[in-house]
Amino acid sequence: MKNRQEYLRLQNISKSFGSVLANDDVSLSFCRGEIHAILGENGSGKSTLMNILSGIYTPDSGNISIDGVLHSILSPREALALGIGMIHQHFKLVDSFTATENIIAGRSGSLFLDSGKDRKIIKDLCLQYGFSIEPDKKVQDMSISERQMVEILKALYRGADVLILDEPTAVLTPQEIESLFAILENMRKLGCLIILISHKLQEVLSYSNRVTVLRKGRYIATVETERTNASELAELMIGHVIDLDIPWVETKAEQKTCLVEVDHISVLGPHHKNLLDDVSFSIFSHEILGIAGIAGSGQKELCEVLSGMRRVDFGTVILKEGHRFGTDIGFVPEDRLGMGLAGGLNITDNILLRSYRLTPGPFVDRRNGRKKAHEIVDRYSISTPGIDQVVKRLSGGNIQKVLLGREIDRNPIFLITAYPVRGLDVGSSQFIYGKLNEEKQKGVAVLFVGEDLDVLLAFCDRIAVLFEGRLMGIFDTGAITKEAVGMLMMGCQPCSRP
Ligand code: ADP
Ligand code: MG
């Protein structure tokens, strides 16, 4: 590392959006031949800074130099001309085009294949960097990982030797993550600069050479990956020391009783595809059942069916011991300010909202609602000017605490949570894990739909894997490996049971 030469420099970059200072006087530099991670919590300014480098935003002040020469980058096209390409969180491919057509589209206005020549260039790029793509497959038939590969090839085809990836692994299985980084490592070895935006500590530690940490729009530090560790990085990210262990609490097998029975349920979707396809399993008291799967595998539909918000086309969901759907189930949906809370209402009204639905009628007990709101704000340490604050003005972590607080306050026997820590800082995430564990110890059956397999395996008692609406299996988390879960997430049975 010490021998590496500075290649690209951002100097005193500031950028605000209205009253939000997204980047505050940030300076840092990158070298060729490194994977340089930009690490920071949600909202710390990572995407904004990299959007400036890739010509999507212009900075309010500051400058960019490449090889010692100042450049103003006014558009993505100008960035590409300087060799800078960015892979966004949402891909920008044409669904009805093939891989090859997408890769060459937009190049000098021509859509038509100069078949021989273009195919040769793409084939050579694939060989050089280790891609395996099917050139004539249409994007609409591709997995998310294949689409991402096409995006990367497209940038390379246009001459990028600086590749910025914005949270590229959020949508991938562990195996797909391995293949992605194998390719990025090849690019690095051939002298490219890879900039990896991430908020995942383990990923940054496993795959980067250097890490720059941003916090609240400011530059905090750049460290060599091999000389740092998870707790140091977490401290740089959030500004104070934090316990990173995900707490698992033991509950006794003899305490567990079946509370919910899911019996051969199916939900039909468009084009004769089942959103849920003949799914059966049981959920017990005193347990946290994790649900794993790549995005869109039926998690959303499952939560909606279990919460009673959606009908099944076949099968039944049975709540045991005379419990009722309306009152005995808590639901923290993925879509917090849509299905969960009403963003435009204040904390008190959001708490009352649940009881309006339960006891329809003209009388609303506002006094009791305000009392509850105060209790929840206290108990969950929600930082807000008061209970009359409009919910959408709260930060993500505090919004989630209002939602979880309201649902837990109703003493459910079954608590459904979808991605409850998504986008939250480490401190708020730990708080939420603690609350869910408390519920489990009280005897509640907790469903935890998650995306981070390390978290699912550490935190849950059992894990169920969904693939294209089908249940691939349920396992004790102590009896299955991350790799095996990854295989099931792609629809394959692992070759040998662990
Ligand atoms: P990160 O990528 O680290 O999560 P971002 O760069 O996306 O952070 O956001 C930094 C801050 O700037 C956040 O407070 C965000 O809400 C705000 N922000 C980002 N883009 C815009 C935009 N186009 N308009 C208004 N505010 C924005
Ligand atoms: Mg971002």
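When a ligand or atom number is given, it counts from 1 through the structure's own listing order. Just so you know, residue 1 is the first one in the sequence shown, and it goes up from there.
The closest donor-acceptor contact from the side chain of K189 to the backbone of G33 lies at 3.5 Å or more, if one exists at all.
A tilted orientation is assigned to the rings of Y433 and F448, their planes being inclined by 30° to 60°.
Look at S44 and you'll find a heavy atom under 4.0 Å from some atom of ligand 1.
Neither the backbone nor the side chain of H199 comes within 4.0 Å of ligand 1, counting heavy atoms alone. Residue-level proximity to ligand 1 for V20 is carried by the side chain, the only part with a heavy atom below 4.0 angstrom.
Nearest protein heavy-atom contact of atom 23 (N) of ligand 1 is Y57 OH, 3.3 Å. Nearest protein heavy-atom neighbour of atom 9 (O) of ligand 1: T48 OG1, 3.9 Å. Remark: minimum distance from atom 18 (N) of ligand 1 to any protein heavy atom is reached at F17 CD1, 3.5 Å.
Residues Y207 and F181 bring their aromatic ring centres within 6.0 Å.
For the pair R147 and F91, the cation-pi criterion (under 6.0 Å, within 45° of the ring axis) is not fulfilled. Annotation: cation-pi geometry not satisfied between K138 and F97 (NZ/CZ under 6.0 angstrom from ring centroid, within 45° of ring axis).
Polar contact with ligand 1: present for G45 (N/O pair, distance under 3.5 Å).
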